[in-house]
Amino acid sequence: MKHTLSVLLQNKPGVLSRVTGLFSGRGFNIESLSVNETLDPGISCLVLVTSGDSTIIEQITKQLHKLIDVIKVSDMNEVDYVEREMAIIRVKAEANTRAEVLRIADIFRGKVVDVSPKSYALEVTGAADKIQAVIDILRPIGIQEIVRTGTIAIARAKKK
Amino acid sequence: MKITGAQAMIKCLEEQGVEVIFGFPGGVVIDIFDELLRHENLTHVLVRHEQAAVHAADAYARVKGTVGVALVTSGPGATNTVTGIASAYLDSIPIVVFTGQVPTALIGNDAFQEVDIVGITRPCTKHNYLVKNPADLVPTIREAFYIARSGRPGPVLIDLPKDISVAKIKYPPLKPVQMRTYKPTYEPHPGQIEKACKAILKAQRPVIYAGGGVISADANKELTELATKLSIPVTMTLMGLGGFPGTHKLSMGMLGMHGTYCSNMAMRESDVIVAVGARFDDRITGRLDAFAPHAKIIHIDIDPTSISKNVPVDIPIVADCKHALTGMNTWFDRNSDFNKVSQGKKTEPWRKQIKEWEKKHPLTYKKEKGIIKPQFVVQKLYELTKGEAIITTEVGQNQMWAAQFYKFNNPRAFMTSGGLGVMGYGFPAAIGAQMAAPDRTVIDIAGDGSIQMNIQELATARQQKCPVKIAILNNGYLGMVRQWQELFYEKRYSGTNIEVAPNFVALAEAYGAVGLRATKPSEVEPVIKKALATDNTVIMDFVIAREEGVFPMVPAGKATTEMLLA
């Protein structure tokens with residue numbers, strides 16, 4: 001099962017390689033990864049998507065905790081959370097498909113960020129399944145290039 | 001007043017209570033070595049290969065219960081320490097390794113003797129540092145010692161660029177290390193202690209399975225108290241030997257691949273296993289699905305990652321072994337449901353069963369006329385040292401015979417590379433142990449293969465006047481691999497014949513040490529006696545039965561009850 005882990009780290013050189021080295025060295029899987037500074041410049045937040053049964057996820061969480069530079073590990077699957085990815089997709093857009101591509105962009109609330117006579121580059125954000133849906137629907141028209149970010153996630157605030 | 005980085009480093013080592021450093025100099029650490037000359041209370045042991053410095057620091061730390069220190073240069077000096085560091089990592093031994101580094105301005109430049117040792121050792125250290133700012137030097141060293149010795153101990157590496165050791169700095173006043181991210185749990189959860197104690201009270205067939213954590217937490221007394229209070233039989237891992245008295249009537253000896261028949265049978269039939277500072281590795285469990293099928297498992301460990309890693313645990317207790325065992329002992333003392341006599345009576349049939357297993361298949365070997373058996377040599381070493389020597393081992397058959405036939409009644413007396421299994425560990429470890437305990441008898445039980453992996457340390461031993469004794473069990477084979485080839489590869493002895501070997505007696509003499517040889521059983525005792533009476537480094541070359549095997553043996557991937565007994 002897929003798990004999204006949010007990890008707070010000391011913002012120091014080499015810390016990311018401690019995390020990725022742990023995953024490769026112990027045979028765990030990283031499906032996506034995204035790191036950036038938090039409000040506190042001394043701390044960075046790493047969001048990582050991995051998969052495995054509960055024993056593996058438990059072991060991953062514990063092993064991450066064991067790294068001296070790790071401050072906190074949260075398994076987002078245990079809480080209610082929002083996750084987003086962004087993709088920029090360059091898709092063939094010639095006379096007969098230009099309008100259709102724009103319609104699709106509109107349906108998925110995407111934006112055109114680059115235009116050429118024969119293509120559009122669309123920016124789309126959303127959860128991983130939405131990005132996948134856009135890709136699937138654009139594929140027959142002719143996708144020329146895709147860049148995608150890793151997932152970022154935030155826990156929803158308590159409503160009460 | 002400002003001092004140099006090298007001066008600050010040495011001052012900080014003294015502040016941390018360091019008395020001995022194992023090291024080897026080189027271009028970028030000359031300033032530090034220069035400073036060492038001015039500190040008579042800090043002994044530097046000059047090794048002949050950097051790997052040996054780390055193994056020696058490792059054994060020094062084990063004997064003294066303190067942090068061992070090694071100091072080497074950049075590049076090859078640093079890469080040579082990797083095996084030693086990885087071994088200390090797997091055995092959870094507190095050491096701090098200082099490696100020199102090229103000046104900060106040259107880092108990343110492929111400079112002479114430059115290597116990214118922080119990158120190389122990241123997966124085999126508990127933590128590591130590259131010091132880039134002179135002001136960070138002293139706080140980093142303090143933090144390194146704190147990390148090495150606290151929680152689950154382990155090796156920490158500090159990479160020191162040349163310019164840091166010559167920079168002028170102000171020595172910061174000592175204050176306790178406070179870390180935002182690292183806070184080991186020492187105290188057990190009282191609810192878990194109670195659950196564990198209740199489970200033990202209900203047990204009909206309890207077993208204590210003790211590992212190296214008992215020794216590193218100095219919890220041997222508390223363990224003995226618990227075992228005797230409830231009359232629970234104890235089995236130990238290789239790393240746990242000495243954590244419970246080996247000659248105690250409740251001791252079943254070692255368990256696992258070359259463990260005793262009764263230990264492995266007891267684990268199989270037990271209904272409650274109390275694992276203390278042990279980590280259920282593959283050499284202990286054998287085939288996982290057949291491991292301890294009837295047992296409720298209580299697991300005390302300071303490292304949460306060890307719990308439920310290989311075997312699901314019913315009652316986890318994340319804590320220091322000493323604290324957890326004290327908590328359990330106190331619980332039993334205060335609980336009116338617990339009666340020592342009736343509890344002992346209830347589990348009497350279980351102990352009788354264990355004694356029967358022990359009688360059925362004791363640790364034993366066949367004597368052959370005129371041929372020295374390795375087990376006989378270890379038994380004689382045990383007898384003639386009254387079981388009071390510090391024993392180090394190499395890796396392979398020599399290690400297993402030492403573990404099986406030398407009985408350890410005290411902790412910190414048996415040093416072996418348990419997790420990584422480093423051939424070449426034993427001899428430098430013996431030097432480190434002797435530096436930690438100058439008045440003890442220290443013996444490296446070695447094979448003719450592994451002793452050659454760090455034989456150059458004869459010069460170190462001689463230079464330090466370390467009267468360590470090396471007992472080579474010489475069979476002309478890389479014996480453990482040969483044993484596997486005999487049993488599972490139809491005796492195809494590929495790459496294991498090492499008959500072309502030095503004359504170990506002449507070799508010892510070449511270094512100014514003493515060489516002795518025994519070729520028949522009657523010569524064993526006189527050779528050992530002579531070695532023990534010699535105030536010099538001694539090699540005892542015991543020419544043993546060529547194809548003797550270590551038994552019992554659980555073949556890899558089999559259940560621990562599927563033991564080969566001879």
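Residue numbering restarts at 1 for every chain, and letters A, B, ... go by the order of the sequence lines.
Remark: side-chain polar atoms of B/N310 are paired, donor with acceptor, to backbone N or O of B/F280 under 3.5 angstrom. Judged purely by atom type and a 3.5 angstrom limit, A/K62 uses its side chain to pair as donor or acceptor with the backbone of B/P304. B/Q192 places a side-chain N or O within donor-acceptor distance of the main-chain N or O of B/P316, the cut-off being under 3.5 Å.
A/F108 places none of its side-chain heavy atoms less than 4.5 Å from the side chain of A/I131.
Contact residues of residues 139-159 of chain A toward chain B are absent (heavy-atom distance under 4.5 Å). Interface with chain A: from residues 284-298 of chain B, no residue qualifies, criterion being any non-hydrogen pair under 4.5 Å. Of residues 139-161 of chain B, those residues lying under 4.5 Å from chain A by any heavy-atom pair are B/I147, B/R152. At a heavy-atom cut-off of under 4.5 Å, chain A is reached by B/R122, B/K126, B/H127, B/N128 from residues 121-130 of chain B, listed in order of number.
Of all the listed residues (A/L9, A/L22, A/T55, A/I43), the one sharing the greatest number of non-hydrogen pairs under 4.5 Å with chain B is A/I43. Contact tally against chain A (heavy-atom pairs below 4.5 Å) for B/T305, B/D303, B/V118: the top residue is B/T305.
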Check: Does the pair B/K322 and B/Y186 meet the rule for a side chain to side chain contact (heavy atoms under 4.5 Å, CB included), with working shown?
Finding: CA-CA 9 Å; B/K322 196 186 181 82; B/Y186 289 92; over 6 Å; no
Margin query: Checking A/L33 against A/L16 for the side chain to side chain contact (heavy atoms under 4.5 Å, CB included) test, could you report, in this order, the C-alpha distance in whole Å, the side-chain angles of both residues, the deciding distance, and whether it holds?
Written below: CA-CA 10 Å; A/L33 183 81; A/L16 180 60; 4.2 Å; yes
